[in-house]
Amino acid sequence: MNGAPSPVDADRPPLVDARDLTFGYAAVPVVEDVTLRVDRGEYVGIVGPNGSGKSTLLRLLLGLHEPDSGSAELLGHPARAFAERERVGYVAQDVTEDEKRMPITVSEVVLMGRFPHAGFGRVTVEDRERVREALRTVGIEHLADRKITALSGGQRQRTYIARALAGEAELLVLDEPTVGVDAESVEAFFELLDGLVADGMTVLLVEHDIGAVIEHASRVVCLNREVYFDGDPAAFAESDALDRAYGTNIRREEGGIVT
Amino acid sequence: MTPSAPAVAAVPALSAPYDFLARLVGLWSDGLGWVGERLGIAMLDYVFMHHALLVGALIAVMAPLIGTFLVHRQLALIGDALAHTAFAGVAVGLFVNSLLGTGISPYVTAIVVAVIAALAIELISETTDAYNDVSMAIVLSTGFALGAVLISLNTGGLAVGINQYLFGNLSTVSRENAVLLVVLFAIVALVVTVTYKQLLYVTFDETAARVAGVNVPWYNRLMTTLTALVVVGAMQIMGVILVAAMLVVPVAAAAQLARGFREALLASVVLAQIAVVAGITLSFNYNTTAGGTIVLVAVGVYIAAVLAGKAQSRRAGGSGDDPAPAPER
């Protein structure tokens, strides 16, 4: 508010606006004093060691937890108000697991993206057209009638992206989307995200693969309870934020960082 | 045996819709009687069998409809818990009737008690960290204990009529009961039709549903309340002990065969209809208990579905699910 207005969409509120967020499941905070603002069109990658509060931060931003102190706004509304939620697409961490053998087809899952628009009304022809379009965009149109449990991790991931696209989401929130996905599919997945960002999508991504975040995101947030770094990926790669956030058990190698 | 003046008909505002529904049930009965006469089916000579078949057919739509959502949320046992509290509700009804000399149908008190229990289950699991099946186990035992105590308080007349609630009975399905079932069916079908999308979203991915702005606790409460209604409706012929099977077994069978959710819903209703009609027919012809016979037929259908599902996936040979093209032979 008191800083310089961002050059794009200066009059529109940021999609994510969290101030001084502190939250803990018990007495010890998992997330402390985190301030994060995401503007339209940004591609923000959140990295940090295991248990650093990355997923918890996402849940706070989405309104799934009430912060102990601080405030979280999503799309200009308090996160806990769950307003205008058709504009947010969420891909959870455990989507590649299939302990649930629920019979449901890919197109039925993608159609859920239309549910907030339809409310209690009927699903229309236009809704189904948008589902087809979304499946085409992520390149799994041929799998529409396949049972979701019969898909590979990468294909399932694309299904959830398609669900967000079918819902006309402007903000895509992904929590470790590449867990359990093979390396080749991971590369294709990040290319898909790049394409969506180029088309104007805003992406907020929690990811354990630091190299991929540095390569693809437009901004890196390094978190371990508190924010250790927030800024340009190249500057992040040069900084010592990683060492401080992860402690000492990290090796720096030529051209890449391995945890 | 049959109540001379139905309790609902005593309330003036309800008497017109009741008469209308009673006439509908009468028409169904006449229709079946006519069919039975034409085809020479002895079972259809009896009005109570007409009622039993109507109630059975309605249950075989409602139970898998709700059961599909429950099973895929891994809440298969909730039907059992609510059936046992419905038993407490029956005991409350019988107790009050013998105490005050009123003529309230025990099914009405069963509905009230089961709905309260349904909300209690949700409340316990929302406010405590207790795992959902713990809260269900607590409610289940409380319900059965309460029922047992109320019955023992007033033995004599009370214990006599209890078997029909425990094990179900075809021959006690009165016209009033059939009307009650039609009302329950209308409520359940209407609510599921209107909230189908929300229920599906919550069933498939609770977190994503919350993020999308769906009021998840509210739909959970709605789901359990509908379950309570179905359980009480089905208790009539299935009995308290076996009622949960109708919520689970046809659904489990359908899940073996269907690819999509809508497909699974439809398949579970079809399989449940087969189980109910075959079960009631066998039960009539061999003088076996209806609930048990229906459940055994349903389990038979389930085993057949498992075998068919296995054969189906073997025939597909994995090639259908393989993203890479199968090599030419």
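Below, chain A is the first sequence line, B the second, and so on; all start at residue 1.
Screening A/Glu187, A/Gln157, A/Glu207 for a side chain to side chain donor-acceptor pair (under 3.5 Å) involving A/Thr178 leaves a single residue, A/Glu207.
Each of A/Gly63, A/Gly121, A/Ala83, A/Gly113 has some count of heavy-atom pairs under 4.5 Å with chain B, and the biggest count is that of A/Gly121. Across A/Thr105, A/Ile104, A/Val123, the residue that shares the most heavy-atom pairs under 4.5 angstrom with chain B is A/Ile104.
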Using a 3.5 Å cut-off and no angle test, enumerate the donor-acceptor pairs between side-chain atoms of residues 241-270 of chain B and protein atoms at least two apart in sequence or in another chain.
unit_1: B/Arg259; atom_1: NH1; unit_2: A/Asp145; atom_2: O; d: 3.3
unit_1: B/Glu263; atom_1: OE2; unit_2: B/Arg259; atom_2: N; d: 3.2
unit_1: B/Ser268; atom_1: OG; unit_2: B/Ala264; atom_2: O; d: 3.2
unit_1: B/Ser268; atom_1: OG; unit_2: B/Leu265; atom_2: O; d: 2.7

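Only the side chain of A/Arg59 comes within less than 4.5 Å of a heavy atom of chain B; its backbone N, CA, C and O stay farther away. The part of A/Val109 that comes within reach of chain B is its side chain, from C-beta onward, which places non-hydrogen atoms under 4.5 angstrom from that chain. Looking at A/Leu64, both its backbone and its side chain come within 4.5 Å of chain B, counting heavy atoms on both sides.
A/Thr202 and A/Tyr43 share no donor-acceptor pair across their side chains, judged by distance under 3.5 Å alone.
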task: Could you go through the side chain to side chain contact (heavy atoms under 4.5 Å, CB included) check for A/Arg85 and A/Leu74 one step at a time?
output: CA-CA 9 Å; A/Arg85 278 313 175 80; A/Leu74 193 58; 3.4 Å; yes
task: Take A/Arg132 and A/Glu141 through the test salt bridge (Lys or Arg N to Asp or Glu O under 4.0 Å) and record every step on the way to the result.
output: CA-CA 7 Å; A/Arg132 263 192 297 279; A/Glu141 203 186 1; over 6 Å; no
message: Before you tell me yes or no, could you show the steps for B/Arg210 and B/Glu206 under salt bridge (Lys or Arg N to Asp or Glu O under 4.0 Å), namely the whole-Å CA-CA distance, both residues' side-chain angles and the distance that decides it to 0.1 Å?
response: CA-CA 6 Å; B/Arg210 274 183 76 193; B/Glu206 194 173 303; over 6 Å; no
- request: Walk me through it: do A/Asp175 and A/Leu205 pass the test side chain to side chain contact (heavy atoms under 4.5 Å, CB included)?
  value: CA-CA 6 Å; A/Asp175 191 354; A/Leu205 164 81; over 6 Å; no
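The shortest heavy-atom contact between B/Gly233 and B/Ile59 is O-CD1, 3.8 Å.
Contact annotation for residues 189-201 of chain B against chain A (heavy-atom separation below 4.5 Å, listed by residue number): B/Val194, B/Thr195, B/Lys197, B/Gln198, B/Leu200, B/Tyr201.
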